[in-house]
Amino acid sequence: MTQTLGYGVLYYAFAVLLHPMASSLDASTATVTGALTASILTGAVLAVPVGRWLDRHGGRALMTVGSLLATGLVVAWSRVQSIAQLYAVLVGIGVTMAMVLYEPALAVVVSWFDPQRRARAVLGVIAVAGFASTIFMPLTGVLADRYGWRTTLLVLAGLYGAISVPLHALTVRKPPQPAAQPHLPAPQHRAVVVRAAIRDARFWWLAAAFVAHSAAMATMTVHLVGFLAHEGHPVTFAATIAGLLGVLSVTGRLLLTGAQRRVRLTSVVAIVFTVQAAAAVALLAAGGSRVGAAAAVVAFGIGFGVASLATPALLADRYGTTAYATIAGILAIPITLAKATAPLAAAGLHSVGGYPAVLLAIGTCCLIAAVGILTRAATPPPVPDSSAPEQGSDARRPAMTRAG
């Protein structure tokens, strides 16, 4: 519930209110959009410090305070009178997004549930939150048409604060302590685990995979409507087809969860990324017809939310949960930077080679992601000499020994 509200209010509402805000502040849409970019980049800067806090203290205080701050900042957002004020408020909202959205939420879930229940718990969070755009973009549009963008933000702030603050305060708790305690004090043990992870070549292959995939998803999100309109489709059709991506992301996550019971997770994810690469290229040939465009977007959309489900599973399975939030925070920095900068880079590419160059770049990124997911996937996880087995599937692996 809090992730659905958080993404709906703190992220997706911005796109709906973009043009009314630009008109009210007498600024270009590009200038106003820069505030969202600044917000996202702020969240990237805070990913590692937030991860360290989560590993040491859990998510209750962080997410509760973040919810309170976010509520107040959305209220402040409704009162901005200049671009400078907008940027200042959105940077503050970027801080709160690092405190309350997927990274801390999934860290809480991963650390709480045992490996047998973890996949279902993560799926529960991201499957429901996958409908954030489906719910909040139309809701924000209706409110803005009726009451204006400033009053809309006040309504959304009240809704977010009334639900998210008490839920974070009352339901988020520190995970139960594992039966086997590390030989080192907890902070030192976490530092050893983090060092082992960043020295692991597999970690950097995963980083390359998810950065490339993130860049592809962000670029397709921003440029799909423009491509379809360029192909001669009405804007209403283009927007409707693009809107399928949010719904299809949930479908893809459900399919991935079912498939990984029979096939290795890395293999399933690589297949999905490869299908996305083919779908991006197929848009060049089939995008001129409604049926062809819809089929290609459906094929691409199935993998749209796969990374958010695969990332926690792969990290927790390989590195355990002791330092999960810190390791995930390190990975989140380049991924977030890719989300923020890839659409802009694609716009530059479009000015040189048009939409064919953009779609080929998207397909190439998806193929790079597929290769990165598979590379060194069979190598044993690294185990620091000073560490002891921790709670999770890692503790039961024969390969997880000092000799290994």
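Qualifying side chain to side chain donor-acceptor pair (under 3.5 Å) partners for Ser67, counting only residues two or more places apart in sequence or in other chains: His168.
Nearest approach of Cys366 to Phe273, heavy atoms of both residues: CB-O, 3.4 Å. The two residues Arg264 and Ala377 make their nearest non-hydrogen contact at NH2-O, 2.8 Å. For the pair Ser39 and Met97, the tightest heavy-atom approach, listed with the atom from each and the gap, is OG-CE, 3.0 Å. Residues Pro334 and Val211 share a closest heavy-atom pair of CB-CG2, 3.6 Å. In plain terms, the two heavy atoms of Leu284 and Pro356 that are nearest each other are CD2-CA, 3.4 Å. The shortest heavy-atom contact between Leu156 and Ala13 is CD1-CB, 3.9 Å.
With rounding to the nearest 0.5 angstrom, the CG atom of Leu69 is 11.0 Å from the OG1 atom of Thr64. For the atom pair CG of Leu359 and CE of Met220, the computed distance is 5.5 Å after rounding to the nearest 0.5 Å. Atom CG of Leu106 and atom CZ of Arg118 lie 11.5 Å apart (nearest 0.5 Å). Put simply, CD1 on Ile126 and OG1 on Thr4 are 11.5 Å apart, with the number rounded to the nearest 0.5 Å.
For the pair Leu62 and Val50, the minimum side-chain heavy-atom distance is below 4.5 Å. Side-chain contact check for Phe203 versus Arg376: every heavy-atom pair is 4.5 Å or farther apart. With contacts defined as side-chain heavy-atom distances shorter than 4.5 Å, the pair Thr221/Phe304 qualifies. Residues Leu18 and Thr33 form a side-chain contact, since some pair of their non-hydrogen atoms from C-beta on lies under 4.5 Å apart. Contact check for Thr375 versus Leu206: no side-chain heavy atoms found under the 4.5 Å cut-off. Between Ile83 and Val32, the closest side-chain pair of non-hydrogen atoms falls below 4.5 Å. Residues Leu374 and Trp205 form no side-chain contact, since every pair of their non-hydrogen atoms from C-beta on lies 4.5 Å or further apart. A heavy-atom distance below 4.5 Å is not found between the side chains of Ser214 and Met217.
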(request) Could you check Val269 against Val272 for side-chain contact (heavy atoms from CB on, under 4.5 Å), going step by step and ending with a plain yes or no? (result) CA-CA 5 Å; Val269 173; Val272 170; 5.6 Å; no

(request) Take Gln85 and Arg79 through the side-chain contact (heavy atoms from CB on, under 4.5 Å) test and state the conclusion after the steps. (result) CA-CA 9 Å; Gln85 291 176 355; Arg79 310 310 303 164; over 6 Å; no

(request) Walk me through it: do His350 and Phe227 pass the test side-chain contact (heavy atoms from CB on, under 4.5 Å)? (result) CA-CA 10 Å; His350 174 265; Phe227 165 75; over 6 Å; no

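With Leu331 as the partner, the side chain to side chain contact (heavy atoms under 4.5 Å, CB included) test is satisfied by one option alone out of Leu315, Val48, Ile198: Leu315. Results of the ring-ring contact (aromatic ring centres under 6.0 Å, His included) test with Tyr7 over Phe136, Tyr160, Tyr102 single out Tyr102 as the only residue that passes.
No salt bridge links Asp55 with Arg52; every basic N to acidic carboxylate O contact stays at or beyond 4.0 Å.
A salt bridge (Lys or Arg N to Asp or Glu O under 4.0 Å) check over residues 198-219, counting only residues at least two apart or in different chains, returns the pairs Asp200-Arg318.
At distances below 3.5 Å, at least one donor-acceptor pair connects side-chain atoms of Thr171 with backbone N or O atoms of Leu167.
Within a 6.0 Å radius of CH2 in Trp149, more than 12 heavy atoms belonging to other residues, nucleotides or ligands are found. Other residues, nucleotides and ligands contribute over 12 non-hydrogen atoms within 6.0 Å of the CZ atom of Phe237. More than 12 heavy atoms of other residues, nucleotides or ligands sit less than 6.0 Å from atom NE2 of His57.
Between Tyr355 and His223, the two ring planes are perpendicular [angle over 60°; tilted spans 30° to 60°].
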